[in-house]
Amino acid sequence: MTDEGPRPITPAGYAKLERELQDLWHQERPKLVNEVADAAALGDRSENAEYIFGKKRLREIDRRIKYLSKLLDRLQVIDPKRNEKEQADFGATVHVEDEDGNAKRYTLVGEDEIEAKQGRISLKSPIGRALLGKMVGDEVTVRRPKGEVELVIERIEYL
């Protein structure tokens, strides 16, 4: 994680990360600690696959807990409804149509809540940067790795 200052996130995105941290800290980690202790009690740890795997998984959980704790401190929760305007901005759901008439929907979110299959894209992505600040009816050209695409903004909403 770099020291680039606060990072924007929606209230729902923040809550999801917070739930993950709480689940890791209060459910998964204690359960795994018990499993590792039980495996250690079986004897020779050097050939005990459950013990070795459990210790490895415990380290992964501890790294994730540390990462999430630092990340949550840096995040700036922004309610998209407060941004509600005619332009595409953080938290906007932008409905577009490409040059072939295919309709798509993109929600502009922070880096920590990207879900491309659900259309949740980063403000910093090529499409996110192209849509940012645009209004209904605007045409944008998006430069993607597989070539340029023309998009027309059909609707902007803040959910």
Side-chain angles (χ1 to χ4, degrees), residues 1-85 88-96 98 102-133 142-147 149 151 155-159:
M1 201 175 343
T2 60
D3 292 325
E4 57 193 46
R7 288 163 47 161
I9 193 165
T10 63
Y14 188 88
K16 183 178 178 181
L17 292 175
E18 203 169 41
R19 276 191 310 273
E20 180 186 355
L21 176 62
Q22 294 304 315
D23 183 51
L24 287 172
W25 191 245
H26 297 292
Q27 259 85 55
E28 275 196 60
R29 191 176 192 289
K31 179 181 168 192
L32 192 54
V33 166
N34 288 335
E35 289 174 11
V36 169
D38 291 345
L42 296 175
D44 186 8
R45 296 176 187 176
S46 64
E47 295 181 18
N48 185 331
E50 289 84 15
Y51 176 80
I52 293 168
F53 176 76
K55 291 292 282 185
K56 181 180 180 220
R57 179 71 181 124
L58 195 55
R59 285 190 300 275
E60 291 168 359
I61 288 174
D62 287 343
R63 275 195 297 275
R64 184 71 178 162
I65 287 171
K66 183 178 178 182
Y67 172 79
L68 287 172
S69 296
K70 286 182 178 181
L71 177 63
L72 288 169
D73 287 342
R74 284 192 50 218
L75 295 174
Q76 178 182 10
V77 178
I78 299 174
D79 187 351
K81 291 178 183 169
R82 291 188 178 206
N83 270 353
E84 200 161 347
K85 49 185 126 178
D89 200 350
F90 178 81
T93 298
V94 183
H95 299 261
V96 298
D98 67 18
N102 298 316
K104 294 248 183 187
R105 180 193 71 170
Y106 299 104
T107 301
L108 305 177
V109 296
E111 302 167 57
D112 302 295
E113 54 186 327
I114 297 168
E115 294 180 72
K117 289 183 180 179
Q118 283 75 40
R120 298 173 63 81
I121 62 169
S122 169
L123 292 170
K124 295 181 179 182
S125 70
I127 295 173
R129 285 193 313 269
L131 295 175
L132 197 60
V142 179
R143 290 177 179 81
R144 308 173 303 172
K146 62 182 190 181
V149 66
L151 302 173
R155 189 170 82 224
I156 299 171
E157 55 191 359
Y158 290 85
L159 306 172

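FYI, side chains are in, hydrogens and waters are out, and symmetry mates aren't considered; it's all heavy atoms of this structure.
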Would you list the atom pairs, donor with acceptor, under 3.5 Å between side chains in residues 11-21 and any protein atom, with sequence neighbours excluded?
unit_1, atom_1, unit_2, atom_2, d
Glu20, OE1, Arg64, NH2, 3.0
Glu20, OE2, Arg64, NE, 2.8
Glu20, OE2, Arg64, NH2, 3.3

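By the salt bridge (Lys or Arg N to Asp or Glu O under 4.0 Å) test, Arg155 pairs with Glu157, sequence neighbours left out. In this view, Arg57 and Glu28, Glu60 satisfy the salt bridge (Lys or Arg N to Asp or Glu O under 4.0 Å) rule, not counting sequence neighbours. Asp23 pairs by the side-chain hydrogen bond (donor to acceptor under 3.5 Å, both in side chains) definition with nothing, not counting sequence neighbours. Contacts of Arg129 classified as salt bridge (Lys or Arg N to Asp or Glu O under 4.0 Å), with partners at least two apart in sequence or in another chain: none. Here Asp62 pairs with Arg29 under the salt bridge (Lys or Arg N to Asp or Glu O under 4.0 Å) rule; sequence neighbours left out.
At distances below 3.5 Å, not a single donor-acceptor pair connects side-chain atoms of Glu35 with backbone N or O atoms of Gly54.
Across all non-hydrogen atoms, the minimal contact from Leu108 to Gly128 is CD2-CA, 3.8 Å. Tyr106 and Ile127 make their closest contact through OH-CD1, 3.7 Å (heavy atoms, listed as atom of the first residue, atom of the second, distance). Residues Ala39 and Asn48 come closest through the heavy atom pair O-ND2, 2.7 Å. Across all their heavy atoms, Phe90 and Ile78 have their closest contact at CE2-O, 3.6 Å.
Residues Asp98 and Lys104 are not in side-chain contact: their nearest non-hydrogen atoms beyond the backbone lie 4.5 Å or more apart. Between Tyr51 and Val36, some side-chain heavy-atom pair lies under the 4.5 Å cut-off. Under the 4.5 Å side-chain criterion, counting only non-hydrogen atoms from C-beta, Leu72 is in contact with Leu75.
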